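Right, one structure below, let's go through it.
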Amino acid sequence: MNSSKIFGRSRRAGFTLVELLVVIGLMALLGTISIGGYFAASRGMKTRGAVQDAISFVRHAQQLCVIDNTPVAVIFLNRWTGKKREGAEMYGTAIAVKMVGRISNITTSGRKAAGGSAGPLLIDEFADWNTSYPHDAGASGDQRGMRFFNMRNIENTAKGGLEGCSSLMNNWVGYVRMSSQQNKEVLVTTGMLTDDWCSVYKKNASDNRQDSWIDYDNGNDFRWGFGFHQKNDGLTQAGWKIGDGYGVEAGSFDLPRGFIFGSSTPPDDGRLHSASPAAIVLLPSKASGYIFSFSTIPIYAVGMNGKEDSPEKIGEVRSSDCKDQD
(Lines give C-alpha, C1' and ligand atoms only; values in the text may rest on other atoms or scores of the structure.)
Protein backbone atom coordinates (compact mmCIF):
# COMPACT_ATOMS: atom_id res chain seq x y z
CA MET A 1 0.00 0.00 0.00
CA ASN A 2 1.29 3.51 -0.88
CA SER A 3 1.94 5.36 2.36
CA SER A 4 1.28 8.70 0.62
CA LYS A 5 -2.35 7.66 0.15
CA ILE A 6 -3.04 6.65 3.76
CA PHE A 7 -6.53 7.72 4.81
CA GLY A 8 -6.97 9.16 1.31
CA ARG A 9 -4.75 12.19 1.93
CA SER A 10 -1.62 13.28 0.06
CA ARG A 11 1.58 14.41 1.74
CA ARG A 12 1.34 17.65 -0.31
CA ALA A 13 -1.73 18.83 1.72
CA GLY A 14 0.30 20.97 4.27
CA PHE A 15 2.20 24.32 4.03
CA THR A 16 5.86 24.54 3.31
CA LEU A 17 8.21 26.59 5.48
CA VAL A 18 8.58 29.17 2.72
CA GLU A 19 4.82 29.60 2.45
CA LEU A 20 4.52 30.09 6.22
CA LEU A 21 7.28 32.69 6.21
CA VAL A 22 5.60 34.56 3.36
CA VAL A 23 2.27 34.62 5.22
CA ILE A 24 3.91 35.77 8.46
CA GLY A 25 5.75 38.49 6.57
CA LEU A 26 2.54 39.72 4.97
CA MET A 27 0.79 39.79 8.35
CA ALA A 28 3.65 41.76 9.88
CA LEU A 29 3.55 44.23 6.98
CA LEU A 30 -0.21 44.71 7.32
CA GLY A 31 0.16 45.15 11.08
CA THR A 32 2.84 47.80 10.60
CA ILE A 33 0.67 49.66 8.10
CA SER A 34 -2.34 49.47 10.43
CA ILE A 35 -0.42 50.71 13.46
CA GLY A 36 1.16 53.50 11.45
CA GLY A 37 -2.25 54.48 10.13
CA TYR A 38 -3.68 54.44 13.65
CA PHE A 39 -1.00 56.75 15.02
CA ALA A 40 -1.30 59.01 11.98
CA ALA A 41 -5.07 59.22 12.50
CA SER A 42 -4.55 59.85 16.21
CA ARG A 43 -2.13 62.71 15.48
CA GLY A 44 -4.56 64.11 12.95
CA MET A 45 -7.40 64.07 15.48
CA LYS A 46 -5.16 65.73 18.08
CA THR A 47 -4.10 68.53 15.74
CA ARG A 48 -7.62 69.16 14.49
CA GLY A 49 -8.88 69.16 18.07
CA ALA A 50 -6.25 71.70 19.13
CA VAL A 51 -7.22 74.09 16.34
CA GLN A 52 -10.96 73.68 16.93
CA ASP A 53 -10.57 74.22 20.68
CA ALA A 54 -8.61 77.42 20.04
CA ILE A 55 -11.33 78.63 17.65
CA SER A 56 -14.00 77.89 20.26
CA PHE A 57 -12.09 79.84 22.92
CA VAL A 58 -11.82 82.93 20.71
CA ARG A 59 -15.50 82.57 19.82
CA HIS A 60 -16.41 82.54 23.54
CA ALA A 61 -14.34 85.71 24.03
CA GLN A 62 -16.31 87.33 21.20
CA GLN A 63 -19.58 86.37 22.85
CA LEU A 64 -18.38 87.82 26.15
CA CYS A 65 -17.53 91.09 24.38
CA VAL A 66 -20.96 91.33 22.75
CA ILE A 67 -23.06 90.18 25.72
CA ASP A 68 -21.32 92.41 28.28
CA ASN A 69 -20.76 95.22 25.75
CA THR A 70 -17.18 95.67 26.91
CA PRO A 71 -13.73 95.32 25.31
CA VAL A 72 -12.13 91.89 25.59
CA ALA A 73 -8.54 91.04 24.72
CA VAL A 74 -7.17 87.58 24.04
CA ILE A 75 -3.46 87.20 24.81
CA PHE A 76 -1.41 84.38 23.27
CA LEU A 77 1.59 83.03 25.17
CA ASN A 78 3.96 80.05 25.07
CA ARG A 79 5.92 78.32 27.81
CA TRP A 80 7.57 75.09 28.96
CA THR A 81 6.01 72.62 31.38
CA GLY A 82 9.25 72.65 33.35
CA LYS A 83 12.97 72.67 32.74
CA LYS A 84 13.93 71.65 29.22
CA ARG A 85 16.82 69.50 30.37
CA GLU A 86 14.41 67.44 32.47
CA GLY A 87 12.26 66.43 29.51
CA ALA A 88 9.77 69.32 29.62
CA GLU A 89 7.47 70.09 26.71
CA MET A 90 6.25 73.34 25.17
CA TYR A 91 2.63 74.41 25.02
CA GLY A 92 0.60 77.49 24.23
CA THR A 93 -1.77 79.38 26.51
CA ALA A 94 -4.50 81.87 25.63
CA ILE A 95 -5.92 84.26 28.24
CA ALA A 96 -9.17 86.18 27.78
CA VAL A 97 -9.04 89.56 29.52
CA LYS A 98 -12.24 91.48 30.18
CA MET A 99 -12.05 95.22 30.77
CA VAL A 100 -13.81 96.08 34.04
CA GLY A 101 -13.00 99.75 34.66
CA ARG A 102 -10.64 102.69 34.28
CA ILE A 103 -7.94 104.02 36.57
CA SER A 104 -9.07 107.45 37.80
CA ASN A 105 -6.12 108.23 40.08
CA ILE A 106 -2.64 106.98 40.85
CA THR A 107 -1.18 107.88 44.23
CA THR A 108 2.48 107.99 45.11
CA SER A 109 1.88 106.35 48.48
CA GLY A 110 -0.84 104.73 50.55
CA ARG A 111 -1.57 103.00 53.84
CA LYS A 112 -2.93 99.63 54.85
CA ALA A 113 -6.09 99.62 56.92
CA ALA A 114 -4.29 98.10 59.91
CA GLY A 115 -1.34 100.45 59.57
CA GLY A 116 1.88 100.26 57.65
CA SER A 117 2.73 101.43 54.17
CA ALA A 118 0.83 100.13 51.15
CA GLY A 119 3.04 101.90 48.61
CA PRO A 120 1.60 103.41 45.42
CA LEU A 121 -2.09 102.74 44.76
CA LEU A 122 -4.17 102.38 41.61
CA ILE A 123 -7.61 103.89 42.21
CA ASP A 124 -10.92 103.56 40.39
CA GLU A 125 -13.51 105.96 41.80
CA PHE A 126 -16.38 103.88 40.42
CA ALA A 127 -15.23 100.52 41.82
CA ASP A 128 -16.32 99.67 45.35
CA TRP A 129 -13.05 97.97 46.15
CA ASN A 130 -13.37 98.57 49.90
CA THR A 131 -16.50 96.40 49.94
CA SER A 132 -15.14 93.76 47.61
CA TYR A 133 -11.70 93.50 49.23
CA PRO A 134 -12.03 94.91 52.77
CA HIS A 135 -9.47 92.67 54.48
CA ASP A 136 -5.97 93.78 55.33
CA ALA A 137 -2.70 91.98 54.75
CA GLY A 138 -0.18 90.77 57.25
CA ALA A 139 2.95 89.66 55.44
CA SER A 140 2.41 91.21 52.04
CA GLY A 141 4.85 88.92 50.25
CA ASP A 142 2.89 85.85 51.29
CA GLN A 143 -0.49 87.19 50.20
CA ARG A 144 -2.20 85.90 47.11
CA GLY A 145 -2.19 88.42 44.30
CA MET A 146 -4.55 89.37 41.52
CA ARG A 147 -3.39 90.45 38.08
CA PHE A 148 -4.53 93.70 36.49
CA PHE A 149 -4.04 93.95 32.72
CA ASN A 150 -3.47 97.38 31.22
CA MET A 151 -5.80 97.53 28.20
CA ARG A 152 -3.99 100.51 26.67
CA ASN A 153 -2.28 99.34 23.48
CA ILE A 154 -2.30 95.76 24.76
CA GLU A 155 -1.75 94.38 21.24
CA ASN A 156 1.80 95.76 21.43
CA THR A 157 2.55 95.64 25.16
CA ALA A 158 1.62 91.93 25.25
CA LYS A 159 4.67 91.32 23.06
CA GLY A 160 6.59 91.56 26.33
CA GLY A 161 4.62 88.67 27.80
CA LEU A 162 2.61 89.03 31.01
CA GLU A 163 5.28 91.35 32.41
CA GLY A 164 4.77 93.78 29.56
CA CYS A 165 1.01 94.25 29.87
CA SER A 166 -0.02 93.56 33.46
CA SER A 167 0.77 94.05 37.13
CA LEU A 168 0.42 91.68 40.07
CA MET A 169 -1.61 93.54 42.69
CA ASN A 170 -2.35 92.82 46.33
CA ASN A 171 -5.79 91.28 46.78
CA TRP A 172 -6.48 93.67 49.63
CA VAL A 173 -7.15 97.41 49.45
CA GLY A 174 -5.10 100.23 50.80
CA TYR A 175 -6.27 103.77 51.37
CA VAL A 176 -4.96 107.26 50.86
CA ARG A 177 -6.01 110.64 52.25
CA MET A 178 -6.32 112.33 48.91
CA SER A 179 -5.80 115.87 50.18
CA SER A 180 -2.34 114.87 51.37
CA GLN A 181 -1.21 113.85 47.89
CA GLN A 182 1.17 116.28 46.24
CA ASN A 183 1.18 114.85 42.73
CA LYS A 184 -1.63 117.17 41.59
CA GLU A 185 -3.34 114.50 39.49
CA VAL A 186 -6.63 115.44 37.86
CA LEU A 187 -9.64 113.28 38.69
CA VAL A 188 -11.27 111.97 35.53
CA THR A 189 -14.82 112.35 36.80
CA THR A 190 -14.60 115.94 38.02
CA GLY A 191 -11.78 117.52 36.06
CA MET A 192 -10.46 118.93 39.36
CA LEU A 193 -7.12 118.43 41.03
CA THR A 194 -7.34 115.84 43.78
CA ASP A 195 -6.41 118.19 46.63
CA ASP A 196 -8.80 120.92 45.39
CA TRP A 197 -11.61 118.42 45.08
CA CYS A 198 -11.08 117.10 48.60
CA SER A 199 -10.86 120.60 50.04
CA VAL A 200 -14.15 121.67 48.46
CA TYR A 201 -16.18 118.62 49.42
CA LYS A 202 -14.63 117.58 52.71
CA LYS A 203 -17.04 117.63 55.63
CA ASN A 204 -16.00 118.61 59.12
CA ALA A 205 -17.29 117.80 62.61
CA SER A 206 -19.93 120.54 62.56
CA ASP A 207 -21.44 118.88 59.51
CA ASN A 208 -21.58 115.68 61.51
CA ARG A 209 -19.23 113.98 59.02
CA GLN A 210 -16.10 113.73 61.09
CA ASP A 211 -13.63 110.98 60.17
CA SER A 212 -13.30 108.13 62.62
CA TRP A 213 -9.85 106.77 61.78
CA ILE A 214 -10.18 104.37 58.85
CA ASP A 215 -13.42 102.66 59.82
CA TYR A 216 -15.34 105.63 58.47
CA ASP A 217 -15.04 106.93 54.92
CA ASN A 218 -16.81 110.23 54.28
CA GLY A 219 -16.74 109.61 50.54
CA ASN A 220 -14.44 112.53 49.82
CA ASP A 221 -11.26 112.55 51.84
CA PHE A 222 -10.33 108.88 51.57
CA ARG A 223 -9.86 106.84 48.45
CA TRP A 224 -9.42 103.08 48.31
CA GLY A 225 -7.09 101.42 45.85
CA PHE A 226 -4.95 98.41 45.13
CA GLY A 227 -1.26 98.37 45.95
CA PHE A 228 1.40 96.57 43.96
CA HIS A 229 2.28 93.12 45.25
CA GLN A 230 5.77 92.62 46.65
CA LYS A 231 6.29 89.89 44.09
CA ASN A 232 4.98 91.97 41.20
CA ASP A 233 6.70 90.78 38.03
CA GLY A 234 5.11 93.24 35.65
CA LEU A 235 4.27 96.90 35.17
CA THR A 236 5.13 99.23 38.03
CA GLN A 237 3.41 102.50 38.90
CA ALA A 238 5.21 104.17 35.99
CA GLY A 239 3.56 101.74 33.57
CA TRP A 240 0.07 103.07 34.33
CA LYS A 241 -1.62 106.36 33.44
CA ILE A 242 -4.83 107.95 34.62
CA GLY A 243 -7.59 106.92 32.24
CA ASP A 244 -6.06 103.53 31.43
CA GLY A 245 -8.62 100.77 31.15
CA TYR A 246 -7.83 97.78 33.32
CA GLY A 247 -8.99 94.22 32.87
CA VAL A 248 -8.99 90.93 34.72
CA GLU A 249 -8.72 87.37 33.51
CA ALA A 250 -12.08 86.03 32.36
CA GLY A 251 -10.84 82.62 31.26
CA SER A 252 -7.86 80.72 29.90
CA PHE A 253 -7.14 77.86 27.54
CA ASP A 254 -4.11 75.61 27.11
CA LEU A 255 -3.11 73.89 23.90
CA PRO A 256 -2.04 70.22 24.23
CA ARG A 257 1.62 69.71 25.01
CA GLY A 258 3.73 70.04 21.92
CA PHE A 259 1.51 72.73 20.34
CA ILE A 260 2.24 76.46 20.46
CA PHE A 261 0.85 79.71 19.12
CA GLY A 262 3.11 81.06 16.39
CA SER A 263 6.42 79.57 15.34
CA SER A 264 8.72 81.12 17.96
CA THR A 265 9.71 78.64 20.66
CA PRO A 266 9.94 80.17 24.16
CA PRO A 267 13.19 80.38 26.14
CA ASP A 268 13.66 77.81 28.88
CA ASP A 269 13.18 80.13 31.86
CA GLY A 270 9.78 79.08 33.22
CA ARG A 271 8.06 82.29 32.14
CA LEU A 272 5.16 82.91 29.78
CA HIS A 273 6.45 84.44 26.56
CA SER A 274 4.40 86.16 23.89
CA ALA A 275 3.42 84.47 20.67
CA SER A 276 2.89 86.20 17.32
CA PRO A 277 0.49 87.88 17.19
CA ALA A 278 0.72 88.59 20.92
CA ALA A 279 -2.92 89.62 21.36
CA ILE A 280 -6.14 90.51 19.63
CA VAL A 281 -8.61 93.08 20.94
CA LEU A 282 -12.35 92.68 20.46
CA LEU A 283 -14.41 95.87 20.65
CA PRO A 284 -18.23 95.90 20.73
CA SER A 285 -18.30 98.87 18.37
CA LYS A 286 -16.19 96.96 15.84
CA ALA A 287 -18.49 93.95 15.63
CA SER A 288 -20.33 93.81 12.33
CA GLY A 289 -23.19 91.35 12.51
CA TYR A 290 -21.40 89.63 15.41
CA ILE A 291 -18.38 89.13 13.17
CA PHE A 292 -15.02 90.50 14.34
CA SER A 293 -11.97 91.11 12.24
CA PHE A 294 -8.56 90.27 13.70
CA SER A 295 -5.14 89.00 12.69
CA THR A 296 -4.80 85.31 11.93
CA ILE A 297 -3.36 83.26 14.80
CA PRO A 298 -1.19 80.38 13.53
CA ILE A 299 -0.79 77.17 15.54
CA TYR A 300 2.34 75.04 15.27
CA ALA A 301 3.32 71.56 16.42
CA VAL A 302 6.75 71.14 17.97
CA GLY A 303 8.82 67.99 17.48
CA MET A 304 6.62 66.29 14.88
CA ASN A 305 9.56 66.31 12.48
CA GLY A 306 12.01 65.38 15.21
CA LYS A 307 13.31 68.94 15.53
CA GLU A 308 12.12 71.21 18.35
CA ASP A 309 13.64 74.27 16.70
CA SER A 310 11.63 73.72 13.49
CA PRO A 311 7.91 73.84 14.40
CA GLU A 312 5.46 72.64 11.79
CA LYS A 313 2.28 74.63 11.10
CA ILE A 314 -0.84 72.54 11.63
CA GLY A 315 -3.61 75.14 11.47
CA GLU A 316 -4.72 78.67 12.27
CA VAL A 317 -7.50 80.67 13.89
CA ARG A 318 -9.07 83.13 11.45
CA SER A 319 -11.79 85.68 12.07
CA SER A 320 -13.96 83.91 9.49
CA ASP A 321 -13.69 80.70 11.53
CA CYS A 322 -15.04 82.43 14.64
CA LYS A 323 -18.28 83.85 13.32
CA ASP A 324 -21.46 82.65 14.99
CA GLN A 325 -22.75 79.42 13.55
CA ASP A 326 -26.10 79.57 11.78
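This structure is a prediction, so every number in the text was calculated from the model and none was measured.
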Practice problem: Apply the test side chain to side chain contact (heavy atoms under 4.5 Å, CB included) to residues V74 and V97: give CA-CA distance (whole Å), side-chain angles for both, the deciding distance (0.1 Å), then the verdict. | Solution: CA-CA 6 Å; V74 183; V97 178; over 6 Å; no

Quiz item: Under the side chain to side chain contact (heavy atoms under 4.5 Å, CB included) criterion, do E125 and N105 qualify, and how do the steps go?
Solution: CA-CA 8 Å; E125 296 173 64; N105 197 275; 5.6 Å; no

Quiz item: What distance separates M90 CE from W80 CH2, expressed to the nearest 0.5 Å?
Solution: 4.0 Å

Quiz item: Could you give the distance from NZ (K159) to CG (N153), rounded to the nearest 0.5 Å?
Solution: 8.5 Å

Quiz item: Charged N to carboxylate O under 4.0 angstrom, D124 versus R102?
Solution: no

Quiz item: Got F148 and W240 here, is their nearest side-chain heavy-atom distance under 4.5 Å?
Solution: yes

Exercise. Say whether, by atom type as modelled, one donor and one acceptor occur between the side chain of N170 and the main chain of V173 under 3.5 angstrom.
Key: no

Quiz item: Is any side-chain heavy atom of M99 less than 4.5 Å from a side-chain heavy atom of V72?
Solution: no

Self-check item: Distance (rounded to the nearest 0.5 Å) between I106 CD1 and L121 CG
Solution: 10.5 Å

Quiz prompt | I299 versus V51, closest heavy-atom pair with distance | solution = CD1-CA, 4.0 Å

Practice problem: Please answer: with hydrophobic residues joined when any side-chain heavy atoms are less than 4.5 Å apart, are I55 and F57 in the same cluster? | Solution: yes

Quiz item: If you measure only the distance, is there a donor-acceptor pair under 3.5 Å linking the side chains of T296 and R318?
Solution: no

Quiz prompt | Carboxylate-amine/guanidinium proximity below 4.0 Å for D53 and R48 | solution = no

Self-check item: Atom CZ of R152: over 12 foreign heavy atoms under 6.0 Å
Solution: yes

Quiz item: Between the side chain of Q62 and the main-chain N/O of C322, is any donor-acceptor distance below 3.5 Å?
Solution: yes

Quiz item: Does T93 use its side chain to pair, donor to acceptor, with the backbone of N78 at less than 3.5 Å?
Solution: no

Quiz item: Within a strict 4.5 Å, meaning less than it, do heavy atoms of the P277 and P298 side chains meet?
Solution: yes

Self-check item: N/O donor-acceptor pair under 3.5 Å between S167 side chain and L235 backbone
Solution: yes

Quiz item: What class does the angle between the rings of W129 and F226 fall in, given that below 30° is parallel, 30 to 60° is tilted and above 60° is perpendicular?
Solution: tilted

Self-check item: Side-chain donor/acceptor of S274 to backbone N/O of L77, under 3.5 Å
Solution: no

Quiz item: Does the pair D233 and R147 meet the rule for a salt bridge (charged side-chain N to carboxylate O under 4.0 Å, His left out), with working shown?
Solution: CA-CA 10 Å; D233 55 357; R147 192 166 291 277; 3.0 Å; yes

Self-check item: Side chains of I280 and V58 in contact at under 4.5 Å (non-hydrogen atoms)
Solution: yes

Quiz prompt | D244 side-chain N/O to K241 backbone N/O, donor-acceptor pair under 3.5 Å | solution = yes

Self-check item: H229 and M169, any side-chain heavy atoms less than 4.5 Å apart
Solution: no

Practice problem: Report yes if the side chains of P120 and F228 come closer than 4.5 Å at any heavy-atom pair, otherwise no. | Solution: yes

Quiz item: P256 and A50: which non-hydrogen atoms are nearest, and at how many Å?
Solution: CD-CB, 3.8 Å

Self-check item: Shared hydrophobic cluster for I95 and V281 (ILVMFWY, side-chain gaps under 4.5 Å)
Solution: yes

Quiz prompt | Side-chain heavy-atom pair S319, F292 within 4.5 angstrom cut-off | solution = no

Quiz item: What's the shortest heavy-atom distance between P284 and P71, and which atoms?
Solution: CD-N, 4.0 Å

Exercise. Could you tell me whether the side chain of I297 reaches within less than 4.5 Å of the side chain of E316, counting heavy atoms only?
Key: no

Exercise. Starting at SG of C165, measure out to CE of M151 and round the result to the nearest 0.5 Å.
Key: 9.5 Å

Quiz item: Hey, which of F261, F253, F259 is the one that makes ring pair (Phe, Tyr, Trp, His ring centres under 6.0 Å) with F76?
Solution: F261

Quiz item: If you measure from CG on D254 to OH on Y91, what distance do you get to the nearest 0.5 Å?
Solution: 5.0 Å

Quiz item: Nearest 0.5 Å, what's the CD-CG distance between Q63 and L282?
Solution: 11.5 Å

Quiz item: Any side-chain donor paired with an acceptor under 3.5 Å for N150 and Y246?
Solution: no

Practice problem: Please report the closest heavy-atom contact between F149 and L162, naming both atoms and the distance. | Solution: CE2-CD2, 3.7 Å

Quiz item: Okay, side chain of T47, backbone of I314: is any donor-acceptor separation there less than 3.5 Å?
Solution: no

Quiz prompt | Heavy-atom closest contact (I260 atom, S263 atom, distance) | solution = CD1-C, 4.4 Å

